[in-house]
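Following: one structure in structure tokens, then a few remarks.
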Amino acid sequence: MSRLEREFYSQDTIKVARQLLGKTLVRKIGKHTMSGIITETEAYRQADDPASHAYKDVTERNKAMFGQVGHAYVYFTYGMYYCVNVVAKSKRHKAGAVLIRSLKPHEGIDAMIKNRGTENITNLTNGPAKLTIALGITKIQYGEDLVNSKSLYIEDGIKHYQKIIASPRIGIKSAMDKLWNFKITI
DNA sequence: AATCGGATCGTCT
DNA sequence: GACGATCCGATTG
């Protein structure tokens, strides 16, 4: 398995969101390795995207989206959950990131079950906050460089799947015309 | 199977 | 001072 390099993330945000499907998100804590196949993503970017955290301008929260590609943008939401994005954008945009919304559990399923407190495998990592709980991702990983990190990165996964389904993004009220939610079924 | 409300607090207005 | 890029359990049909 080979890790995704910097240039992968320096393409257009929407393109990266599509290409991340089927890749493997890897999380290492101590001697434990947990991983899952990415099955759903969402693209968010600046300037033309009212639904994005980075729509208006840089703030303390969203500054990672304006930074170097390949780093993690972790945000806290609904008073209790974290969600993880990968910063990805071409030179045309000042900010952009891809939200990882769903994984198919792969390695370290026992550890993820322990973290989540549920036995149900299909319910383990099938949501943006569920997967951060399963993988132990919090604000501590804010800005982590997935190109160099030993504990959080993305590598090649499956090559073949049927097709990508594009839909409006989940949980937002604006920019419903942008079909920037992408998913695959494995 | 689908809908509804509660939990809970950092971030932005 | 209001509101989420959510999840879960309870209720209803």
Side-chain angles (χ1 to χ4, degrees), chain A residues 9 12-21 23 25 27 34 36 38-67 69-89 93-105 109 111-144 146 152 154 164-185:
Chain A
Y9 302 106
D12 183 75
T13 311
I14 288 111
K15 190 174 177 183
V16 174
R18 300 179 68 102
Q19 291 189 1
L20 277 175
L21 297 170
K23 300 289 191 288
L25 179 62
R27 173 75 169 137
M34 298 175 279
I38 298 171
T39 54
E40 184 178 355
T41 62
E42 269 172 16
Y44 289 89
R45 69 186 184 191
Q46 212 242 353
D48 62 345
D49 185 8
S52 170
H53 288 165
Y55 180 50
K56 292 178 181 174
D57 208 350
V58 195
T59 65
E60 189 59 25
R61 172 172 73 153
N62 69 20
K63 62 183 180 187
M65 288 183 70
F66 291 82
V69 299
H71 290 248
Y73 166 48
V74 180
Y75 68 88
F76 183 69
T77 191
Y78 291 104
M80 29 168 58
Y81 298 115
Y82 293 99
C83 296
V84 62
N85 296 246
V86 195
V87 179
K89 58 186 193 268
H93 289 265
K94 283 160 60 181
V98 177
L99 172 66
I100 312 294
R101 284 194 60 87
S102 183
L103 300 176
K104 179 184 165 69
I109 292 177
M112 293 194 277
I113 286 174
K114 194 174 292 182
N115 289 341
R116 284 274 291 124
T118 176
E119 299 278 320
N120 188 339
I121 303 294
T122 60
N123 204 27
L124 206 54
T125 53
N126 64 338
K130 295 179 190 178
L131 69 91
T132 58
I133 295 168
L135 298 181
I137 296 172
T138 69
K139 198 86 178 174
I140 295 170
Q141 278 70 45
Y142 188 98
E144 181 126 352
L146 306 201
L152 184 64
I154 302 173
I164 296 175
I165 302 166
S167 319
R169 290 164 292 177
I170 309 293
I172 57 170
K173 292 174 185 163
S174 56
M176 299 302 285
D177 56 315
K178 291 183 177 6
L179 304 182
W180 288 356
N181 170 290
F182 305 104
K183 52 181 180 271
I184 56 174
T185 51

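Proteins come first, then strands; the chains are lettered A, B, ... in the order of their sequence lines, and each starts at number 1. Source: prediction; values computed, not measured.
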In whole Å, what is the span from the [atom1] atom of [X] to the [atom2] atom of [N]?
X         : N       : atom1 : atom2 : answer
Met80(A)  : dC3(C)  : CE    : C1'   : 15 Å
Lys63(A)  : dC12(B) : NZ    : C1'   : 16 Å
Tyr82(A)  : dT6(C)  : OH    : C1'   : 14 Å
Phe76(A)  : dC7(C)  : CZ    : P     : 14 Å
Tyr81(A)  : dC9(B)  : OH    : C1'   : 13 Å
Ile133(A) : dT6(C)  : CD1   : C1'   : 9 Å
Met65(A)  : dC12(B) : CE    : P     : 12 Å
Asn62(A)  : dG10(B) : CG    : P     : 18 Å

Next item on the list: Give Tyr78(A) one of three labels, base, sugar-phosphate or nothing, depending on what nucleic acid heavy atoms sit under 4.0 Å from its own.
Entry: base
Notebook entry, point to check: Base, sugar-phosphate, or nothing: which does Ile172(A) touch, judged by heavy atoms less than 4.0 Å apart?
Noted result: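 Result for Ile172(A) = sugar-phosphate.
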If you check every side-chain atom of [X], which of [options] has the closest atom?
X         : options                  : answer
Arg61(A)  : dT13(B), dC12(B), dT6(C) : dC12(B)
Arg116(A) : dC12(B), dC7(C), dA5(C)  : dC7(C)
Ala129(A) : dA5(C), dC8(C), dT6(C)   : dT6(C)
Lys139(A) : dT11(B), dT8(B), dA5(C)  : dT11(B)

Check: Counting only Watson-Crick or G-U wobble pairs whose two distances fall under 3.5 Å, which nucleotide matches dA5(C)?
Finding: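 None - no nucleotide pairs with dA5(C), as no candidate has both distances under 3.5 Å.
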Decide yes or no for [X] and [Y]: does some side-chain heavy atom of the first lie under 4.5 Å from some side-chain heavy atom of the second?
X         : Y         : answer
Thr118(A) : Leu124(A) : yes
Pro128(A) : Glu42(A)  : no
Leu25(A)  : Leu152(A) : yes

Item checked: Under 4.0 angstrom between Lys173(A) side-chain N/O and dA5(C) OP1 or OP2 ->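 For dA5(C), neither OP1 nor OP2 has a side-chain N or O of Lys173(A) closer than 4.0 Å.
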Margin query: Does dC12(B) have its OP1 or OP2 closer than 4.0 Å to a side-chain nitrogen or oxygen of Thr59(A)?
Written below: yes
Next item on the list: Write down the atom of Ala47(A), the atom of Tyr55(A), and the distance for their closest heavy-atom approach.
Entry: O-CE1, 3.5 Å
Notebook entry, point to check: Would a distance-only check, ignoring hydrogens and angles, find a side-chain to backbone donor-acceptor pair under 3.5 Å from Thr13(A) to Ala97(A)?
Noted result: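 The answer is no, because no donor-acceptor pair under 3.5 Å joins these two groups.
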